[in-house]
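Structure first, commentary second.
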Amino acid sequence: MSTLSAFHTFRYLAAALLALVTLPAPAALPASTIASELSRAAAPLPASLAWGWPLEGVAAVIHPFDPPAQPWLSGHRGVDLAAPQGADVLAPTAGVVTFSGVVVSREVLTIAVDNGLRLSFEPAISQLKVGDSVVRGQVVGTVSGPTHCDGGAAGVVSCLHWGVRRGEEYLDPLQFIMDLRPSVLLPLNN
């Protein structure tokens, strides 16, 4: 566990413990309400959001999504996933290729999917052409070329940058493959 994760875990546990000590006990909730909340919280992502990883297996996230406060400010508008040069890039969901080529000095592949979303992968060299349909899990390209992870974190040689956009708004790609909803603490039954 990273130091930052450990700090946040400690902070949340300390706040919860302080609340238990200083606040009166809440009224007990009926068992049916608790069961309903637990089943809802544990529900899998809807099928429309349940995508696959764009790399084989579960990739290590090197740099998480960190959107800027304003569109013109710096930030990280996607996620960087550890990926060696030559790794297959997989389509997380079905879609249609809308771009395959070079942007500045990197190979980029863009796929349009349902709900007006556009997925981008870089550096990803691909033989696909604009208008080609892809299905979930299909190899759509390979990681190839310099990445902005080169020479970064210890042991990281290369990465795949994965972005998702709806119009001009960047979204966290991980929300489509992981349940990122916050945990909900339920009251204790005494």
Side-chain angles (χ1 to χ4, degrees), residues 2 4 44-181:
S2 74
L4 188 57
L45 290 173
S48 63
L49 297 181
W51 296 354
W53 284 89
L55 296 165
E56 191 65 40
V58 176
V61 176
I62 302 302
H63 191 180
F65 182 67
D66 184 20
Q70 299 295 330
W72 59 86
L73 295 175
S74 65
H76 196 242
R77 294 164 172 88
V79 295
D80 292 336
L81 305 172
Q85 292 290 310
D88 287 338
V89 178
L90 310 174
T93 188
V96 175
V97 174
T98 58
F99 181 83
S100 180
V102 177
V103 175
V104 185
S105 62
R106 288 200 177 102
E107 294 283 342
V108 176
L109 177 66
T110 304
I111 299 172
V113 301
D114 289 341
N115 304 325
L117 299 176
R118 287 176 289 165
L119 288 59
S120 62
F121 306 95
E122 68 170 272
I125 192 165
S126 178
Q127 299 304 311
L128 296 174
K129 306 290 183 233
V130 171
D132 287 349
S133 294
V134 299
V135 296
R136 178 182 169 160
Q138 176 183 339
V139 174
V140 295
T142 57
V143 175
S144 180
T147 74
H148 55 266
C149 295
D150 296 348
V156 175
V157 179
S158 182
C159 67
L160 174 70
H161 178 85
W162 177 24
V164 175
R165 287 174 63 177
R166 179 181 292 122
E168 296 304 312
E169 177 188 11
Y170 288 88
L171 306 172
D172 185 349
L174 297 180
Q175 73 179 315
F176 297 97
I177 57 176
M178 300 170 69
D179 188 349
L180 298 179
R181 294 175 294 184

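FYI, the numbering just counts along the sequence from 1.
Using a 4.5 Å heavy-atom cutoff, the side chains of Val164 and Tyr170 are not in contact. The shortest side-chain heavy-atom distance between Ser158 and Val143 falls under the 4.5 Å cut-off. Residues Ser144 and Pro123 fail the side-chain proximity criterion, which asks for heavy atoms closer than 4.5 Å.
The side-chain contact (heavy atoms from CB on, under 4.5 Å) search around Thr98 returns Thr110, Ala112, not counting sequence neighbours. Val139 is linked by a side-chain contact (heavy atoms from CB on, under 4.5 Å) to Asp88, Leu90, counting only residues two or more places apart in sequence or in another chain.
A distance of 7.0 Å separates CD1 in Ile111 from CG in Leu128, rounded to the nearest 0.5 Å. For the atom pair OG1 (Thr142) and CD (Gln127), the distance works out to 8.5 Å, reported to the nearest 0.5 Å. To the nearest 0.5 Å, the span separating CG on Leu174 from CH2 on Trp162 amounts to 6.5 Å. The line from CD of Glu107 to OG of Ser126 is 9.0 Å long, rounded to the nearest 0.5 Å. In this structure, Leu109 CG and Leu119 CG are separated by 9.0 Å, a value rounded to the nearest 0.5 Å. Of the inter-residue distances, the one linking Leu171 atom CG with Phe176 atom CZ reads 5.0 Å to the nearest 0.5 angstrom.
Evaluation of the salt bridge (Lys or Arg N to Asp or Glu O under 4.0 Å) test over residues 108-131, restricted to residues two or more places apart or in two chains, returns Arg106-Glu122.
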Show your working on side chain to side chain contact (heavy atoms under 4.5 Å, CB included) between Val134 and Val96 and close with a plain yes or no.
CA-CA 6 Å; Val134 299; Val96 175; over 6 Å; no

Leu81 and Val61: CA distance, side-chain angles, deciding distance, side chain to side chain contact (heavy atoms under 4.5 Å, CB included) verdict
CA-CA 5 Å; Leu81 305 172; Val61 176; 3.8 Å; yes

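The closest donor-acceptor contact from the side chain of Glu169 to the backbone of Arg166 lies at 3.5 Å or more, if one exists at all.
Closest approach of Ile177 and Gly52 over heavy atoms only: CG2-O, 3.4 Å. For Ala87 against Leu55, the heavy-atom pair with the smallest separation is CB-CD2, 4.5 Å. When all heavy atoms are compared, the tightest approach of Phe99 to Val103 is CE2-CG2, 3.7 Å.
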